[in-house]
Amino acid sequence: MSNDIFEVWQPIPISYEPPLNLIQITHYPNVEMIIDTNDNHQFKLSYSFHEVLAIRVTPEASRVDLSIPTQNAIQKYLGGSEKGPLTNFLFFKSNKSSFIDWYDTLPTLGSTDIHLEHHIYLMDQIIEIISENEPTVIQNR
């Protein structure tokens, strides 16, 4: 069981209706994701290649372990009430991350000297990124 602690995160500066569609992900020269919303907005989230330390992409159905941390984060964000649909929250950061814990076990690597963030994107696939910084967000249309 995961002991991750998530918080709701809103890197995209407009409201949108789920689901979001991952149009493209590239790994070089920067790590970039192009995401399309249901209401015809498109965003590029761009990470500097040198600040990304790990990426994990998994099918949504295989990550049932994320259910409790995401639900807890949503409840905390909503102030403990059921003010909105729980499915409208698709981006999270982890304050206590088993992914960063795993990264810290790799030989000669680790986060003891740098600040790392674990970003979680829930779409048709789950994309997780360990980075030193948040991505730059550019609205394409």
Side-chain angles (χ1 to χ4, degrees), residues 1-112 114-141:
M1 170 147 176
S2 170
N3 291 321
D4 290 279
I5 298 173
F6 292 174
E7 65 182 54
V8 170
W9 176 47
Q10 298 294 345
I12 293 179
I14 65 162
S15 62
Y16 53 86
E17 286 296 320
L20 298 179
N21 304 301
L22 178 65
I23 304 300
Q24 180 180 16
I25 186 167
T26 58
H27 301 96
Y28 190 81
N30 292 315
V31 175
E32 295 181 339
M33 292 182 289
I34 297 177
I35 298 172
D36 196 37
T37 69
N38 260 352
D39 48 359
N40 295 318
H41 290 91
Q42 195 173 84
F43 293 90
K44 178 168 50 173
L45 285 78
S46 180
Y47 291 87
S48 170
F49 180 78
H50 299 289
E51 295 177 346
V52 173
L53 303 172
I55 298 174
R56 178 165 57 188
V57 179
T58 53
E60 183 180 18
S62 69
R63 296 303 308 274
V64 294
D65 62 308
L66 299 181
S67 176
I68 291 174
T70 56
Q71 294 300 318
N72 290 342
I74 292 166
Q75 290 298 334
K76 183 177 179 182
Y77 182 78
L78 294 175
S81 68
E82 300 275 344
K83 291 186 222 174
L86 300 181
T87 57
N88 281 356
F89 300 95
L90 303 174
F91 305 110
F92 298 88
K93 284 185 182 182
S94 182
N95 296 321
K96 182 176 182 229
S97 168
S98 57
F99 193 22
I100 291 177
D101 291 345
W102 164 82
Y103 179 80
D104 285 342
T105 67
L106 299 176
T108 70
L109 301 175
S111 63
T112 56
I114 55 176
H115 168 75
L116 295 181
E117 296 186 359
H118 175 189
H119 302 152
I120 302 103
Y121 301 90
L122 303 181
M123 294 178 283
D124 52 341
Q125 298 180 57
I126 296 175
I127 299 170
E128 298 174 82
I129 295 177
I130 296 175
S131 176
E132 294 180 42
N133 292 304
E134 291 186 1
T136 301
V137 179
I138 302 161
Q139 186 169 354
N140 289 342
R141 60 176 152 123

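- Across Val31 and His27, no two heavy atoms sit closer than the pair CG2-O, 4.0 Å.
- One distance of note links CD1 of Ile129 with CZ of Phe99; it measures 9.0 Å at 0.5 Å rounding.
- The structure places NZ of Lys76 at 15.5 Å from CD of Gln71, a figure rounded to the nearest 0.5 Å.
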Practice task
Could you walk me through whether Gln42 and Ile34 pass side chain to side chain contact (heavy atoms under 4.5 Å, CB included), step by step?
Solution key: CA-CA 7 Å; Gln42 195 173 84; Ile34 297 177; 3.6 Å; yes
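- In this structure, CG on Asn30 lies 8.5 Å from NZ on Lys44, to the nearest 0.5 angstrom.
- With sequence neighbours left out, Thr70 forms a side-chain hydrogen bond (donor to acceptor under 3.5 Å, both in side chains) with no residue at all.
- Judged as a side-chain hydrogen bond (donor to acceptor under 3.5 Å, both in side chains), and not counting sequence neighbours, the contacts of Ser97 are His118.
- Between the CD atom in Glu117 and the CD1 atom in Ile100 there is a gap of 8.5 Å [rounded to 0.5 Å].
- Checked by atom type and distance alone, the side chain of Ser94 pairs as donor or acceptor with a backbone atom of Lys96 at under 3.5 Å.
- Applying the salt bridge (charged side-chain N to carboxylate O under 4.0 Å, His left out) rule to Glu132 yields no partners; only residues at least two apart in sequence or on another chain are considered.
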Practice task
Quick one: do Ile120 and Ile126 satisfy side chain to side chain contact (heavy atoms under 4.5 Å, CB included)? Show the steps, please.
Solution key: CA-CA 7 Å; Ile120 302 103; Ile126 296 175; 4.3 Å; yes
For residues 45-59, which side-chain donor-acceptor pairs fall under 3.5 Å, sequence neighbours excluded?
| unit_1 | atom_1 | unit_2 | atom_2 | d |
| --- | --- | --- | --- | --- |
| Ser46 | OG | Glu32 | OE2 | 3.1 |
| Tyr47 | OH | His119 | ND1 | 2.7 |
| Tyr47 | OH | Tyr121 | OH | 2.4 |
| Glu51 | OE1 | Asn133 | ND2 | 3.0 |
| Glu51 | OE2 | Asn133 | ND2 | 2.9 |
| Arg56 | NE | Glu128 | OE2 | 2.9 |
| Arg56 | NH2 | Glu128 | OE1 | 3.1 |
| Arg56 | NH2 | Glu128 | OE2 | 3.4 |

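- Evaluation of the side-chain hydrogen bond (donor to acceptor under 3.5 Å, both in side chains) rule for Glu7 yields Asn95 as partners, not counting sequence neighbours.
- Rounded to the nearest 0.5 angstrom, Ile35 CD1 and Leu22 CG are separated by 6.5 Å.
- Note that CG of Asn40 is 8.5 Å distant from CG of Asn38, once rounded to the nearest 0.5 Å.
- Between the Asp4 side chain and the Ser98 main chain, a donor and an acceptor come within less than 3.5 Å of each other.
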Problem - Thr37/Phe43 under side chain to side chain contact (heavy atoms under 4.5 Å, CB included): CA gap, chis, key distance, verdict - result: CA-CA 8 Å; Thr37 69; Phe43 293 90; 4.2 Å; yes
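- For residues 52-74, there are no ring-ring contact (aromatic ring centres under 6.0 Å, His included) pairs, not counting sequence neighbours.
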Exercise for the section: Could you give me the CA-CA distance, side-chain angles and deciding distance for Asn21 and Asp124, then say whether side chain to side chain contact (heavy atoms under 4.5 Å, CB included) is met? Expected result: CA-CA 7 Å; Asn21 304 301; Asp124 52 341; 5.8 Å; no
